[in-house]
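First up is the structure itself, then whatever we jot down about it.
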Amino acid sequence: MRSTKAQAVIVRDGNTLLITLTGDIDHHSAKRLRGEIDGAFYLHRPKRAVMDLSGVEFMDSAGLGLILGRLSRAQELGSKLTLLSPSPRVMKILDLAGAGRFIEIRQNDGKGA
Amino acid sequence: MNKRIETTVKEKRKSGRPPENLKNEMRIELPAISINEGIARAVAAVFISQLDPTYEELADLKCAVSEAVTNAIVHAYKNTQGYIYITMKISGERTIRIEVRDKGCGIEDVKAAMQPLYTTDPDGERSGMGFTVMENFTDRLYVISHPGRGTKVTMIKTLSDARNIKGGD
């Protein structure tokens with residue numbers, strides 16, 4: 001039973017911040033990821049931010065809190081946050097909170113979720 | 001109070017054979033530190049795996065355990081020291097019962113705490129969806145709390161019949 005360390009790889013491409021999350025996102029890892037992502041938000045103040053969730057292997061409601069918290073951060077800085085390619089497991093958690101109503105969620109093929 | 005509970009457990013272990021339909025049982029105690037969220041999930045997953053669950057069932061239960069343990073760390077003990085007591089039991093054919101107990105501060109209003117999006121966190125960093133996840137990912141959820149003494153979360157789920165799903169004769 002594998003448990004993988006959560007990681008955020010953050011790359012700036014012009015006006016877009018690409019945040020790639022991988023591993024297990026729970027309350028334990030969310031604390032650290034929050035600091036890393038917010039640091040990049042304040043440093044670059046991007047117009048758009050894309051959070052790639054395709055590599056997230058586990059996520060509970062703390063991960064949901066991390067995403068919703070970053071949505072408020074993005075809104076506060078006038079930037080638009082999009083979620084990219086959540087797995088069916090991650091989508092199940094997002095759906096419980098009805099996240100699709102207030103965050104854009106795209107699958108990797110470019111079509112809307 | 002602690003002494004009385006320990007005595008009860010000891011007596012039960014000494015005197016009692018497990019109930020007839022009890023297939024297996026596990027108890028673990030972990031300090032309320034956040035690294036143990038992942039450890040509790042992993043241990044729970046190994047225990048549940050003996051029932052040959054579907055991927056979905058296993059993932060749901062791992063998530064439910066993670067929520068209960070996180071609540072104990074974040075809310076019950078509020079980052080003070082304490083232990084989390086997890087009991088997992090398999091009974092009947094494929095029913096799994098998970099208890100997550102703490103001796104933390106307790107919940108004043110359980111009904112309010114169980115409402116979706118209810119959170120005591122003013123910064124908006126918590127989703128308030130912990131109990132909603134537990135409720136949706138198991139068949140039954142019971143929360144008993146005594147303010148100042150602690151909380152017990154019980155989750156019960158009957159797994160689908162693996163033989164039927166696999167379609168084997």
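Every heavy atom of this structure was used, including side-chain atoms; hydrogens, water molecules and symmetry mates were not. Residue numbering restarts at 1 for every chain, and letters A, B, ... go by the order of the sequence lines.
No continuous path of hydrophobic side-chain contacts links V50(A) to L83(A) [ILVMFWY only; heavy atoms under 4.5 Å].
In this structure a side-chain-to-backbone donor-acceptor pair under 3.5 Å is missing from E67(B) to D60(A). Panel note: side chain S127(B), backbone S61(A); a donor-acceptor pair is recorded below 3.5 Å.
Both the backbone and the side chain of L96(A) have a heavy atom closer than 4.5 Å to some heavy atom of chain B. For T70(B), the part sitting under 4.5 Å from any heavy atom of chain A is the side chain, from C-beta outward, and nothing else.
By the 6.0 Å contact criterion, CD on E108(B) is open, its count of non-hydrogen atoms from other residues, nucleotides or ligands being 12 or less. In Y83(B), the OH atom is not crowded: 12 or fewer heavy atoms of neighbouring residues, nucleotides or ligands sit closer than 6.0 Å. Within a 6.0 Å radius of CZ in R140(B), no more than 12 heavy atoms belonging to other residues, nucleotides or ligands are found. Dense packing is recorded around CZ of F102(A), with more than 12 heavy atoms of other residues, nucleotides or ligands lying under 6.0 Å away. By the neighbour-count criterion of 12 heavy atoms within 6.0 Å, atom CZ of R97(B) is sparsely surrounded, having that number or fewer from other residues, nucleotides or ligands. In this structure, E99(B) places its CD atom where more than 12 heavy-atom neighbours from other residues, nucleotides or ligands lie under 6.0 Å away.
Atom-to-atom distance recorded for M129(B):CE and L68(A):CG is 9.0 Å, nearest 0.5 angstrom. Rounding to the nearest 0.5 angstrom, the gap separating the CZ atom in R41(B) from the CZ atom in F58(A) is 4.0 Å.
Side chains of H28(A) and E37(B): a donor-acceptor N/O pair is absent below 3.5 angstrom, by distance only.
Residue with the most contacts toward chain B among L64(A), L66(A), I93(A), I67(A): L64(A) (heavy-atom pairs, distance under 4.5 Å). Per-residue counts of heavy-atom pairs under 4.5 Å with chain A were compared for V69(B), T132(B), D60(B); the largest is that of D60(B).
Nearest heavy atoms, F137(B) versus K92(A): CE1-CE, 3.6 Å.
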